[in-house]
Amino acid sequence: TGKTEKPDRLKVLSYNLRFGELASLEELAAFIKEQDPDIVALQEVDCRTYRDRAPKQHGKDFATELGFRTGMIPAYGKTIPYAGGYYGIAILSKYPLAKVERVYLPKTENGKEQRAVLVADVEYREGEYFTFASTHLDYTNTMERQEQVKKLNEVLLAKNNPVIVAGDFNARPNSKEISEGMSAWKIVSNLEPTVPASAPGSTIDYIFSYPEDKWVSVESTTYKV
């Protein structure tokens, strides 16, 4: 509990679960637990859905079950109703969450479905906080993502705490939404390909931090199936 116990390192994991189509919740939890992260941004997280493509996951609350199986504290943000339940994003944290807010991102006539950012103030040490956000941007077009990134910046750059945002941005590093839209941020993940899982060829998943002088990237790994 002394001031000398400040964590020197924070291990962050960003993980698109693909609504559990390719692995059981036990397997997903085992992978997360094996990596031993301090905090996790999850995307494509189902809650009590009944998808034809993922029959083994019917009725399951992913965030709650993954929290239980990893021993981490879960938070869930619905983005849309889907297949009898909800589809969205989540956070798992070793540390208490002082405040959690889901903020919808812009959806225009160009967009496919509602997207959001889940934002948590994380108390990593008594009375000391950082802000952590999980997001998943529209996959259809750059104009929609540029609008969503503007909203991300509006919400997150106004925070008083140091900030990390992680997730599936559905955009390559040279895209306008990343190269210009996220230019205020430090990319702390490596830019190795992240999709598809079996033989990655494109980078669309990132971990960003702000402000630059508050964060140093020590090591970054992209996990492959």
Side-chain angles (χ1 to χ4, degrees), residues 11-46 49 51-58 60 62-63 65-66 69-70 72 79-80 82-83 87-92 111-113 115-118 133-146 148-149 152 164-182 185-209 217-225:
K11 187 168 184 178
V12 179
L13 177 65
S14 185
Y15 196 5
N16 186 316
L17 302 180
R18 193 177 168 84
F19 51 84
E21 182 183 30
L22 305 176
S24 68
L25 293 182
E26 292 87 347
E27 289 168 326
L28 295 172
F31 172 78
I32 293 169
K33 201 168 181 179
E34 183 184 350
Q35 308 318 317
D36 194 28
D38 293 293
I39 197 155
V40 186
L42 300 173
Q43 305 87 44
E44 300 205 35
V45 184
D46 274 8
T49 59
R51 292 177 183 264
D52 293 339
R53 290 168 61 188
K56 292 181 179 178
Q57 311 296 16
H58 282 183
K60 295 185 178 181
F62 282 35
E65 187 162 333
L66 290 174
R69 292 183 180 280
T70 59
M72 301 180 81
T79 54
I80 57 170
Y82 193 85
Y87 174 73
I89 48 183
I91 290 170
L92 300 174
K112 179 72 173 176
E113 63 186 35
R115 294 296 167 102
V117 58
L118 186 64
S134 174
T135 196
H136 183 196
L137 303 189
D138 191 285
Y139 67 90
T140 58
N141 68 90
T142 180
M143 297 308 296
E144 192 79 352
R145 290 191 293 271
Q146 287 176 47
Q148 292 174 343
V149 162
L152 273 183
I164 293 173
V165 58
D168 181 350
F169 283 69
N170 270 312
R172 298 184 182 192
N174 61 356
S175 66
K176 193 168 184 179
E177 53 269 37
I178 300 297
S179 63
E180 295 182 23
M182 297 299 289
W185 299 77
K186 175 188 281 189
I187 300 180
V188 290
S189 53
N190 63 42
L191 296 178
E192 290 181 17
T194 58
V195 292
S198 56
S202 299
T203 302
I204 62 170
D205 301 88
Y206 304 88
I207 301 171
F208 293 97
S209 63
S217 179
V218 177
E219 184 183 356
S220 180
T221 303
T222 299
Y223 300 98
K224 296 177 176 62
V225 174

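All values below were derived from every heavy atom in this structure, side-chain atoms included, with hydrogens, water molecules and symmetry-related copies excluded. Fair warning: this is a prediction, and the values are worked out from it, not measured in the lab. FYI, the numbering just counts along the sequence from 1.
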Working to the nearest 0.5 Å, report the span between [atom1] of [X] and [atom2] of [Y].
X: T222; Y: N190; atom1: OG1; atom2: CG; answer: 3.5 Å
X: S220; Y: I207; atom1: OG; atom2: CD1; answer: 6.0 Å
X: R53; Y: F19; atom1: CZ; atom2: CZ; answer: 3.5 Å
X: I164; Y: S134; atom1: CD1; atom2: OG; answer: 12.5 Å
X: T221; Y: L13; atom1: OG1; atom2: CG; answer: 10.5 Å
X: Q43; Y: L118; atom1: CD; atom2: CG; answer: 10.5 Å

Compare all side-chain heavy atoms of [X] with those of [Y] and state whether any distance is below 4.5 angstrom.
X: P193; Y: K224; result: no
X: L66; Y: Y15; result: no
X: K33; Y: R69; result: no
X: R115; Y: Y139; result: yes
X: E65; Y: Q57; result: no
X: T135; Y: Q148; result: no
X: P200; Y: V195; result: no
X: Y206; Y: I178; result: yes

- Item | F208 and its side chain to side chain contact (heavy atoms under 4.5 Å, CB included) partner, picked from V165, L152, V188 |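 Of the listed residues V165, L152, V188, the side chain to side chain contact (heavy atoms under 4.5 Å, CB included) partner of F208 is V165.
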Provide the closest heavy-atom pair for [X] versus [Y] in the form atom of the first, atom of the second, distance.
X: P37; Y: I32; answer: CD-O, 3.1 Å
X: T79; Y: G88; answer: OG1-CA, 3.4 Å
X: E177; Y: A171; answer: OE2-CB, 3.3 Å
X: Q146; Y: K176; answer: OE1-CD, 3.6 Å
X: R145; Y: T140; answer: NH1-N, 4.0 Å
X: V149; Y: L137; answer: CG2-CD1, 3.8 Å

- Message: Set out, in order, the CA-CA distance, both residues' side-chain angles and the distance that settles side chain to side chain contact (heavy atoms under 4.5 Å, CB included) for N170 and D138, then state yes or no.
- Response: CA-CA 7 Å; N170 270 312; D138 191 285; over 6 Å; no
Any sub-3.5 Å donor-acceptor pair from [X]'s side-chain atoms to [Y]'s backbone N or O?
X: S14; Y: G167; answer: yes
X: E144; Y: N141; answer: no
X: K186; Y: S217; answer: no

- Item | Residues which pass salt bridge (Lys or Arg N to Asp or Glu O under 4.0 Å) with D46, listed by chain and number, not counting sequence neighbours |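 Once residues adjacent in sequence are excluded, the partners of D46 under the salt bridge (Lys or Arg N to Asp or Glu O under 4.0 Å) criterion are R51.
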- Task: State, without any angle test, whether S189 and D205 hold a side-chain donor-acceptor pair at a distance under 3.5 Å.
- Result: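 No donor-acceptor contact under 3.5 Å links the two side chains.
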- Message: Heavy-atom count check: over 12 atoms from other residues, nucleotides or ligands less than 6.0 Å from K11 NZ?
- Response: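 Check passes, neighbour count above 12.
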- Task: State whether the number of non-hydrogen atoms from other residues, nucleotides or ligands found under 6.0 Å of D52 atom CG is greater than 12.
- Result: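 Incorrect, the count does not exceed 12.
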- Message: Can you list everything that forms a ring pair (Phe, Tyr, Trp, His ring centres under 6.0 Å) with Y223? Sequence neighbours excluded, please.
- Response: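 For Y223 the ring pair (Phe, Tyr, Trp, His ring centres under 6.0 Å) partners, ignoring immediate neighbours, are F31.
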- Could you walk me through whether I204 and D168 pass the side chain to side chain contact (heavy atoms under 4.5 Å, CB included) check? CA-CA 6 Å; I204 62 170; D168 181 350; 3.4 Å; yes
